[in-house]
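Read through the structure below, which is laid out as structure tokens, and then see the notes.
Both counts, for ligands and for their atoms, begin at 1 and track the order of listing. Source: prediction; values computed, not measured.
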Amino acid sequence: MPRTVITFGTFDVFHVGHLRVIERAAALGDRLVVGVSADALNLRKKGREPVFSQAERLAIVAALKPVDEVFVEESLELKRDYIQKFAADVLVMGDDWAGRFDEFSDVCEVVYLPRTPAISTTALIEKISGGS
Ligand code: CTP
């Protein structure tokens, strides 16, 4: 049976930290499914509209070689449904979420990967808008 890995994120202003987490997630199995968070979800979660729309973010993530399937994550409350719908064997999250998804270890393996240091969408936006 192929091993399916699932991960979630906004992936706005796509950067190398996003690429690295996707590559490392893919290496944990045979098939990688990525949930890209909806614009409305982002507004609720981060208090701002993403720079790129969900359709654009979805298209960028879908075009990556390690990614087999993408979908729009409509709600944070639906993680268990998504894990089951895509028959995921492994849930991968960045370690900024460490411990927060352990409740799903009854249906899949839960892995937290260390974030790539010194880069984030928020920092990039600040750097670009600050002009430094
Ligand atoms: N990620 C990572 N290393 C980074 C930044 C993000 O491994 N330097 C991972 C996150 O842990 C998550 C995925 O990439 O698993 C998507 O994260 P996202 O929140 O979309 O990116 P951030 O750059 O963290 O965005 P923000 O600054 O808006 O929080």
Side-chain angles (χ1 to χ4, degrees):
M1 274 289 278
R3 199 166 131 95
T4 297
V5 181
I6 194 166
T7 193
F8 297 85
T10 308
F11 303 106
D12 190 25
V13 190
F14 197 89
H15 59 67
V16 75
H18 295 149
L19 180 63
R20 297 283 176 254
V21 79
I22 283 172
E23 287 174 336
R24 285 176 294 158
L28 295 176
D30 307 299
R31 169 182 173 243
L32 178 63
V33 180
V34 182
V36 175
S37 56
D39 289 338
L41 171 55
N42 256 276
L43 195 55
R44 291 200 297 277
K45 193 172 67 172
K46 299 197 180 180
R48 63 169 160 77
E49 295 273 7
V51 173
F52 294 117
S53 70
Q54 67 187 51
E56 292 167 332
R57 292 181 286 111
L58 206 74
I60 290 166
V61 174
L64 300 171
K65 215 183 283 179
V67 174
D68 296 292
E69 204 169 330
V70 291
F71 67 96
V72 176
E73 181 189 22
E74 300 285 357
S75 163
L76 294 176
E77 311 308 317
L78 292 173
K79 286 248 169 15
R80 182 174 292 272
D81 298 287
Y82 294 132
I83 291 166
Q84 288 174 332
K85 179 176 172 194
F86 291 99
D89 301 289
V90 188
L91 168 64
V92 170
M93 298 298 295
D95 65 359
D96 40 332
W97 296 95
R100 302 265 293 277
F101 294 98
D102 292 354
E103 64 185 284
F104 303 124
S105 48
D106 58 335
V107 286
C108 65
E109 193 183 323
V110 182
V111 175
Y112 302 98
L113 295 178
R115 284 171 66 91
T116 300
I119 187 161
S120 75
T121 297
T122 305
L124 280 172
I125 291 171
E126 278 167 17
K127 190 171 174 182
I128 294 164
S129 61
S132 56

Within the structure, is a non-hydrogen atom of His15 found at a distance of less than 4.0 Å from ligand 1?
yes

Close approach, Lys45 and ligand 1, non-hydrogen under 4.0 angstrom
no

Quick check with a 6.0 Å cut-off and a 45 degree axis cone: is Lys79 positioned over the face of Phe8's six-membered ring?
yes

Which residue and non-hydrogen atom of the protein lie closest to [atom], and at what distance in Å?
atom                    : answer
atom 27 (O) of ligand 1 : Thr122 OG1, 2.6 Å
atom 3 (N) of ligand 1  : Thr116 N, 3.0 Å
atom 15 (O) of ligand 1 : Gly94 N, 3.4 Å
atom 29 (O) of ligand 1 : Lys46 NZ, 3.0 Å
atom 20 (O) of ligand 1 : Phe11 N, 2.9 Å

Ion pair Glu109/Arg3, N-O distance below 4.0 Å
yes

Looking at Glu23 and Lys65, is there a salt bridge between them, counting it only when a charged N and a carboxylate O are closer than 4.0 Å?
no

Please list, chain by chain and in numerical order, all residues satisfying side chain to side chain donor-acceptor pair (under 3.5 Å) with Asp102, sequence neighbours excluded.
Tyr112

Within a reach of under 6.0 Å around NZ of Lys85, are more than 12 heavy atoms found that belong to other residues, nucleotides or ligands?
no

Polar contact flag for [X] and ligand 1 (N/O pairs, less than 3.5 Å):
X      : answer
Thr7   : no
Ile119 : yes
Arg48  : yes
Pro114 : no

Please check: side-chain N/O of Arg31 versus main-chain N/O of Thr4, any donor-acceptor pairing under 3.5 Å?
no

Mark yes or no for whether Asp68, through its side chain, and Val33, through its backbone, hold a donor-acceptor pair below 3.5 Å.
no

Less than 4.5 Å apart, any side-chain heavy atom of Phe71 and any of Ile6?
yes

Using the salt bridge (charged side-chain N to carboxylate O under 4.0 Å, His left out) criterion, which residues pair with Glu56? Sequence neighbours excluded.
none

I'd like the name of whichever of Val92, Val21, Ile22 reaches closest to atom 9 (C) of ligand 1 through any heavy atom.
Val21

For atom 24 (O) of ligand 1, which of His18, Arg115, Arg20 has the closest heavy atom?
Arg115

Near Asp96, which atoms of ligand 1 are under 4.0 Å from a heavy atom of that residue?
11 (O)

Over 60° means perpendicular and under 30° means parallel, so tell me whether His18 and Phe14 are parallel, tilted or perpendicular.
tilted

For ligand 1, which part of Leu113 has a heavy atom less than 4.0 Å away: the side chain, the backbone, both, or neither?
neither

